[in-house]
There are 2 protein chains.
Amino acid sequence: MGEVFAVLADPTRRRLVEVLHDGEQSVTELVAAVAIQQPGVSRHLRILHEAGLVTVRASGQRRLYSLRRQPLREMEAWMRRYAHDERDRLGRLADFVDGPAAKPSARNRK
Amino acid sequence: MGEVFAVLADPTRRRLVEVLHDGEQSVTELVAAVAIQQPGVSRHLRILHEAGLVTVRASGQRRLYSLRRQPLREMEAWMRRYAHDERDRLGRLADFVDGPAAKPSARNRK
DNA sequence: TGTGTATATACACGTTTGGATATGCTGGGC
DNA sequence: GCCCAGCATATCCAAACGTGTATATACACA
């Protein structure tokens with residue numbers, strides 16, 4: 001699992017994940033979304049694939065990549081354990097329901 | 001924010017976060033919890049501190065470190081965005097209530 | 001079959017990283 | 001004031017990393 005942390009440490013790879021969140025994309029489309037050359041993107045995609053973060057599907061001469069969310073969920077579970085105090089479980093539930101965009105609740109204010 | 005991803009890419013630093021989750025710890029205690037020498041731990045603690053992940057408090061000749069959860073929460077928010085599909089919001093809520101240990105629900109099965 | 005396009009791999013290079021060892025600094029007890 | 005414990009900083013080193021350029025491979029289409 002720690003593998004995923006290292007893989008997402010790179011900003012370009014995080015960007016790829018963000019773009020793939022919108023759905024299946026070809027390498028060319030992904031190249032257009034980042035700041036490096038195509039071979040670099042292919043290499044990052046290989047790393048993402050080896051970490052189980054993407055799947056590939058050939059379509060003609062294109063290779064269509066899509067996001068695999070399972071490893072992200074495991075990483076999210078780790079974050080959830082340590083991002084919050086053990087107490088205040090109801091408050092966390094409220095945050096989850098409100099979503100990330102919600103204003104901080106009273107309990108989160110300094 | 002991407003700083004935090006890079007900082008937590010290192011397994012030793014993640015271990016330190018896990019240990020600090022139990023509460024304030026001195027450097028000596030932290031050294032006992034990991035597999036490297038004291039200078040290495042001090043360096044990791046500096047990196048964690050610069051990323052805002054820990055705070056320090058002097059107590060005699062000891063330095064007591066504790067966890068700052070705010071950056072972890074921001075990182076968790078990123079994870080939450082991409083670890084889940086946009087649809088199926090109610091299902092995610094159920095997962096959250098059940099916690100990570102819960103059996104996968106029907107909706108998660110292939 | 002030949003040519004262009006889409007993607008992957010090879011190679012070389014500079015930079016960053018994490019570790020060990022050695023040393024410096026500070027505060028407490030005698 | 002001395003000495004020891006706790007911790008930080010300096011230095012060196014090997015390994016890993018990310019990038020660009022060049023090249024290879026695979027498929028499409030005429």
Side-chain angles (χ1 to χ4, degrees), chain A residues 1-20 22-68 71 75 78, chain B residues 1-20 22-68 71 75 78:
Chain A
M1 195 268 296
E3 166 113 64
V4 184
F5 277 87
V7 167
L8 292 185
D10 182 84
T12 300
R13 286 193 289 264
R14 281 200 303 279
R15 180 90 186 94
L16 290 175
V17 166
E18 292 173 3
V19 173
L20 285 174
D22 295 339
E24 209 178 37
Q25 310 266 341
S26 73
V27 176
T28 301
E29 291 171 309
L30 293 172
V31 168
V34 300
I36 63 173
Q37 310 290 108
Q38 174 264 316
V41 172
S42 278
R43 213 163 153 278
H44 281 305
L45 286 170
R46 176 143 82 107
I47 292 170
L48 286 167
H49 186 251
E50 284 170 2
L53 279 163
V54 298
T55 56
V56 210
R57 173 172 83 89
S59 166
Q61 45 183 344
R62 320 243 165 123
R63 310 258 288 165
L64 300 177
Y65 285 84
S66 23
L67 197 55
R68 270 197 71 234
M75 187 165 164
W78 190 96
Chain B
M1 194 267 295
E3 167 111 66
V4 184
F5 276 88
V7 167
L8 292 184
D10 183 84
T12 300
R13 286 195 287 266
R14 280 200 303 279
R15 180 91 186 93
L16 290 174
V17 166
E18 292 172 2
V19 173
L20 286 173
D22 295 338
E24 210 179 36
Q25 311 267 340
S26 74
V27 175
T28 301
E29 292 171 307
L30 293 172
V31 168
V34 300
I36 63 174
Q37 310 291 109
Q38 174 265 317
V41 173
S42 279
R43 213 152 61 80
H44 282 305
L45 286 170
R46 178 142 82 104
I47 292 170
L48 286 165
H49 186 251
E50 286 171 359
L53 279 163
V54 298
T55 57
V56 210
R57 175 172 82 89
S59 166
Q61 45 182 347
R62 320 243 166 125
R63 310 257 288 164
L64 301 177
Y65 284 84
S66 23
L67 197 54
R68 272 196 70 233
M75 188 164 162
W78 190 95

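All values derive from a computational prediction rather than experimental measurement.
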Check: A:Ser59 side chain, A:Arg62 main-chain N or O, donor-acceptor pair, under 3.5 Å: no
Would you list the protein and nucleotides 12-21 of chain D atom pairs, both N or O, that sit under 3.5 Å from each other?
from, atom 1, to, atom 2, distance (Å)
D:dG18, OP1, A:Arg13, NH2, 3.0
D:dG18, OP2, A:Arg13, NH1, 3.4
D:dT19, OP2, A:His44, NE2, 2.4
D:dG20, OP2, A:Gln37, N, 3.3

What do you reckon, is CZ of B:Arg14 surrounded by more than 12 foreign heavy atoms closer than 6.0 Å? yes
What N/O pairs connect the protein and nucleotides 4-6 of chain D at under 3.5 Å? Give each pair on its own line.
from, atom 1, to, atom 2, distance (Å)
D:dA5, N3, B:Gln61, OE1, 3.0

Value in whole Å for how far the [atom2] atom of [N] lies from [atom1] of [X]:
{"X": "B:Leu30", "N": "D:dC7", "atom1": "CG", "atom2": "P", "value": "9 Å"}
{"X": "B:Leu64", "N": "C:dG27", "atom1": "CG", "atom2": "P", "value": "15 Å"}
{"X": "A:Glu29", "N": "C:dA6", "atom1": "CD", "atom2": "P", "value": "11 Å"}
{"X": "B:Glu50", "N": "D:dA8", "atom1": "CD", "atom2": "P", "value": "12 Å"}
{"X": "B:Gln38", "N": "C:dG19", "atom1": "CD", "atom2": "P", "value": "13 Å"}
{"X": "A:His49", "N": "C:dA8", "atom1": "NE2", "atom2": "P", "value": "10 Å"}

Looking at every non-hydrogen atom in both residues, tell me the closest pair between [X] and [Y] and how far apart they are.
{"X": "A:Ala9", "Y": "B:Ala6", "result": "CB-CA, 3.9 Å"}
{"X": "B:Gly52", "Y": "B:Arg68", "result": "O-NH1, 2.8 Å"}
{"X": "B:Ala51", "Y": "B:Pro71", "result": "O-CG, 4.2 Å"}

Which residues share a side chain to side chain contact (heavy atoms under 4.5 Å, CB included) with B:Arg13, sequence neighbours left out: B:Val7, B:Asp10, B:His44, B:Ile47, B:Leu48
Could you go step by step and tell me if A:Glu18 and B:Trp78 meet the side chain to side chain contact (heavy atoms under 4.5 Å, CB included) rule? CA-CA 10 Å; A:Glu18 292 173 3; B:Trp78 190 95; 3.0 Å; yes
Counting only side-chain N and O atoms of A:Tyr65, is one of them less than 4.0 Å from OP1 or OP2 of C:dA6? no
Between B:Arg46 and A:Gly60, which has a closest nucleotide on DNA chain D that is more 5'? B:Arg46
Verdict with supporting geometry, A:Leu8 and A:Leu53, side chain to side chain contact (heavy atoms under 4.5 Å, CB included): CA-CA 10 Å; A:Leu8 292 185; A:Leu53 279 163; 4.2 Å; yes
Measuring from atom CD of A:Glu29 to atom CD of A:Glu24, what distance do you get when rounded to the nearest 0.5 angstrom? 9.5 Å
